[in-house]
Amino acid sequence: MKRIQPAKKIIGTVSLPGDKSISHRAALLGAVSSQGITVHNFSDGADCTSTLCCLEKAGAKIVKKGNTLSVSSPSGLSSPSSVLDAGNSGTTARTLCGLIAGKPGVKATISGDSSLAKRPMLRVVKPLRSAGASIGGPSGGASLPLEITGTRLQGVTHVLETPSAQVKTALLLAGLSSEEPTTIIEPVSTRDHTERMLGHLGIPLYLDRHSITMAPSRAPRGSEWTIPGDFSSAAFWIVAAAVLPDSSVSIPGVGLNPTRTGLLRVLERMGLAFTVEESGLWGGEPAGTITVHSSRLRGTEVCGTEIPLLIDELPVLAVAAALAEGTTEIRDAMELRFKESDRIVTVVKALSAIGADIVELEDGWRIKGPSKLTGGRVSAAGDHRVAMALAVAGLAAEAPVEIEDPDCAAVSYPGFFSTLDRLACRSIEE
Ligand code: S3P
């Protein structure tokens with residue numbers, strides 16, 4: 001249990017863990033690259049460690065010194081002798097499934113924890129099968145465990161039914177070992193880290209507004225670069241600084257990829273006082289410094305194509321909305337029901353327990369503010385992003401918020417509570 005004491009303000013500079021999505025992709029592409037890759041600021045979250053453990057079992061060579069990671073596969077990937085455990089990480093399970101499906105001669109089973117075992121896998125299994133992949137399992141591929149027998153896949157055109165960067169990435173990784181082009185049509189844009197990293201590693205891609213074509217090609221080349229800080233982790237400090245009076249937080253080296261920073265555009269509409277200073281491309285990814293000051297936020301509407309650009313930030317946006325003047329409606333976010341918990345339900349239960357006026361919709365929330373958050377005991381249902389969003393609510397509440405299951409924050413941000421402690425001048429008690 002962690003008790004978050006209300007804070008008068010938060011002030012300071014935050015150094016973020018490396019972006020989780022980019023870290024997964026660097027490890028996966030390193031394992032199939034010609035000379036291996038080295039990245040600095042690799043995410044220290046448990047999800048990325050799951051990816052590394054799975055790759056190591058499948059024959060990759062992993063060398064980690066602090067947050068610098070080198071990945072290569074001098075003898076190529078091979079069949080692991082035991083089950084690959086993706087832990088809590090949907091990105092690991094789905095993207096690794098694509099990578100292995102396209103590797104002839106490699107056989108593997110992917111499993112995960114009890115939360116991941118409930119999450120849908122057909123969204124990745126179905127399109128991979130249409131390219132010739134052999135994927136089975138006790139549920140026929142609907143959920144973990146997945147049993148994969150790698151084979152040479154055909155180049156096909158996939159239309160993404162669910163706007164999911166994990167599915168897009170699985171298909172591109174599978175297509176890397178095909179002898180024909182792979183085309184993905186993406187009616188609604190999602191995070192484009194895989195496309196950027198493939199380009200950075202010398203793989204020819206033809207990008208249109210809604211489609212990606214990857215030519216049959218050789219292995220990605222080797223490279224060394226620094227991964228920008230994770231915008232999804234920055235989101236907690238952005239909201240905390242905005243909702244607390246007299247606050248100011250500066251976040252250098254954070255990823256500014258526009259397919260990830262939808263929260264900033266929504267908060268700007270809500271009245272956020274902030275600046276952004278760009279510092280160029282890091283491994284093909286824009287990065288820079290975001291500085292946020294206390295702001296008077298107003299309610300807004302968030303829906304449609306904006307949702308995938310801030311999907312992971314919606315729990316903390318709900319906290320901002322509870323403290324903003326007026327009504328905020330979040331729609332078209334049904335995907336929240338398939339995350340580490342059913343986030344629509346988890347957030348409603350936890351925020352209403354501490355005094356927020358939040359109503360569950362089929363595909364989102366209606367939140368009326370500003371509410372006085374009263375404090376109380378809440379559960380994050382083992383979901384890292386909900387636990388950290390509740391901690392931000394605790395900073396802005398009138399009495400302590402006790403989070404029953406705070407340890408899940410380590411899935412993406414192991415240093416979250418100590419950073420909170422520092423920025424808010426020791427507001428945590430065990
Ligand atoms: C991710 C994509 C998103 C996101 C997840 C990470 C990725 O999931 O919610 O946290 O790294 O590709 P979906 O692709 O399922 O939308």
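Remember, it's 1-based here, ligands and their atoms both numbered in the order they're listed. Heavy atoms only: backbone and side chains are in, while hydrogens, waters and symmetry mates are out.
Counting heavy atoms under 4.0 Å from ligand 1, residue R191 touches it through the side chain alone.
Each of K20, R260, R191 was evaluated against D312; a single residue qualifies, R191, per the side-chain hydrogen bond (donor to acceptor under 3.5 Å, both in side chains) test.
For the pair S164 and ligand 1, the shortest N or O to N or O distance falls below 3.5 Å. The N/O atoms of Q166, backbone and side chain alike, include one that comes under 3.5 Å of an N/O atom in ligand 1. An N or O contact shorter than 3.5 Å links S21 to ligand 1 by distance. Between A165 and ligand 1, a contact under 3.5 Å exists for at least one N or O pair.
For atom 8 (O) of ligand 1, the closest heavy atom belonging to the protein is K339 NZ, 3.1 Å. Protein heavy atom closest to atom 12 (O) of ligand 1, with residue, atom name and distance, is R25 NH2, 2.6 Å.
Put simply, part of D312 is less than 4.0 Å from ligand 1, judged by heavy atoms. Taking a 4.0 Å cut-off on heavy atoms, K168 fails to register as neighbouring ligand 1.
Under a cutoff of 6.0 Å and an axis angle of 45°, K64 and F42 do not form a cation-pi pair.
In summary, the atoms of ligand 1 found under 4.0 Å from a heavy atom of T91, numbered by their order in the structure, are 1 (C), 6 (C), 7 (C), 11 (O). Close approach of ligand 1 to I311 (heavy-atom distance below 4.0 Å) involves ligand atoms 9 (O).
Sorted by first and then second residue, the ring pair (Phe, Tyr, Trp, His ring centres under 6.0 Å) pairs involving residues 193-215 (not counting sequence neighbours) are H200-W225. The ring pair (Phe, Tyr, Trp, His ring centres under 6.0 Å) analysis of residues 327-349, with sequence neighbours excluded, yields no pairs.
A 6.0 Å sphere centred on CD of E277 holds no more than 12 heavy atoms belonging to other residues, nucleotides or ligands. Within a 6.0 Å radius of NZ in K57, other residues, nucleotides and ligands contribute more than 12 heavy atoms.
A salt bridge between R377 and E404 is present, with a side-chain N of the basic residue lying under 4.0 Å from a carboxylate O of the acidic one.
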